[in-house]
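Written below as structure tokens is the structure these notes are about.
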2 protein chains.
Amino acid sequence: MGVRRTSGRDGVRRAAREAQAVPHATVGRLPGYLRALEETAADGAVLTSSDELAARAGVTPAQLRKDLSFLGSYGRRGVGYDVGHLREQITVALGLADVRRVLLVGVGNLGHALANYAGIAERGFVLVGLVDADPAVVGTTVAGLVVEPAADLAAVVARTGATIAVLTTPAAVAQRVCDELVAAGVVGVLTFAPCALRVPPHVDVRAVDVASELQILAFHDRARSVGGGVS
Amino acid sequence: MGVRRTSGRDGVRRAAREAQAVPHATVGRLPGYLRALEETAADGAVLTSSDELAARAGVTPAQLRKDLSFLGSYGRRGVGYDVGHLREQITVALGLADVRRVLLVGVGNLGHALANYAGIAERGFVLVGLVDADPAVVGTTVAGLVVEPAADLAAVVARTGATIAVLTTPAAVAQRVCDELVAAGVVGVLTFAPCALRVPPHVDVRAVDVASELQILAFHDRARSVGGGVS
DNA sequence: TAGATTGTTAATCGATTAACAATC
DNA sequence: TAGATTGTTAATCGATTAACAATC
């Protein structure tokens, strides 16, 4: 920890080392930059600037340049950024150079919707398996995949080589399923279950809780009506 | 801005003033604390501690106490926190004392799933309207509500008094719909569309992008395989 | 050369952590 | 009183911002 900025020779090894040092907050914004670059590319532009890209991504140009500087120096002063090249660099930085295999556990309403969500396949992932505990759902085909029983979870992970899982089970079973996923070798979990998940340090959890998001919006809504309305 | 800690007399007025000063990061964790308290209450406990509550919420006890201190002094030294009372205080702080009205725009796969998501109603919100642009969907009943046409959006906001909207439209129309929502008086937007939304300063946006979340997981996955595996 | 735009530095700001005095 | 646990302080840490030198 605390790798101090050196004068900066040896290119490749530096890039590899620095990847470790990309701040969390920056990593969280990289997907937005990638999205912005894809929009720019779709418009046919070959070159872009921190001003344009930042505007598209909804951040300040200073923030964007700072963030990109953690990945390397991929722009040209006085000129801007090559859209295709920067896109490639961010793709590599995010680990999307090769497609990641995703397993979805819990094929209820939400799981069903996510399985059919095109954005997943379009942005570097393949859905490789579906698992559910409900016998009425097991065996049905969703998004081109046959739903497999919860009892086979470990086997499905092993067979598919999934490293990332999407968890859309009821909260009551989320921790148990998560433990099984981790034991089977999954290292990233995106959970929609409204409960905290405990995982070992080598596993990464991202939690999306729709009700929590609404509650955060409610706070600001309230603050607006109660407070004097300053800014 | 920058209200300096005063010696701390006058209780009620202070609570109201300080609500303005709750840090963003703290606000983001309050829903988790509320959830943890609800679990604790369900277990029949009347009293809890920062240790227990923090464990349930997945944070450190120091973090939890610091966060709660921004709301006021609702615990008793040497004793702990009264579950019901703290729950009430956080509920009030989040602006959930009275139910917030939510409008959902975009009744596709995901919108359908969210409309039927029980967690929304259970945690302080009422779904008051559904809007979609597709004539095949308009007029159908989902989650007990009749889907209304996109052309009536402003009228639906006015009639229902919705202040918060959930946006599950395609990215291509998200900004336009968002503008209409804001013009109609909505002050909080939870969007699932994979694009940055521009809103005036008095409006709050929370964005959930499933593919972005997966990409963030991919980054850590990659860092794990490339890096030496330090921590 | 003049104008444009990056990459980096340094200053500021906000969040987290740890320790402990207050107090039940 | 002794033990427990909060609420607060101060130190640390990380993130953001703004300005500008480097350089195309």
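Of the candidates D:dT8, D:dT6, C:dT6, the closest approach to any side-chain atom of B:Ser73 belongs to D:dT8. Comparing D:dT16, D:dA10, C:dT6 by their nearest atom to the side chain of A:Arg29 picks out D:dT16. Considering only the side chain of B:Arg77, D:dT8 comes nearest among D:dT8, D:dT17, D:dA21. Nearest nucleotide to the side chain of A:Gln63, out of C:dT17, C:dA15, D:dT16: D:dT16.
In this structure the side chain of B:Tyr33 reaches within 4.5 angstrom of the side chain of B:Leu64, judged on heavy atoms. A heavy-atom distance below 4.5 Å is found between the side chains of A:Val102 and A:Leu127. Side-chain contact between A:Leu167 and A:Leu181 is present, with heavy atoms from C-beta onward closer than 4.5 Å.
Between B:Arg65 and D:dT9 there is no side-chain N or O to OP1 or OP2 distance below 4.0 Å. Between B:Ser50 and D:dT5 there is no side-chain N or O to OP1 or OP2 distance below 4.0 Å. The phosphate of C:dG7 (OP1 or OP2) has a side-chain N or O of A:Tyr81 nearer than 4.0 angstrom.
For D:dA4, the paired base is C:dT23 (Watson-Crick or G-U wobble, both distances below 3.5 Å).
The aromatic rings of B:Tyr74 and B:His85 sit perpendicular, their planes meeting at an angle over 60°, well past the 30° parallel limit.
Toward the 5′ end of DNA chain C lies the nearest nucleotide of A:Gly78, the other residue of the pair A:Gly78 and B:Ala25 mapping further downstream.
Within 4.0 Å of B:Ala62, counting heavy atoms only, lies at least one base atom of the nucleic acid.
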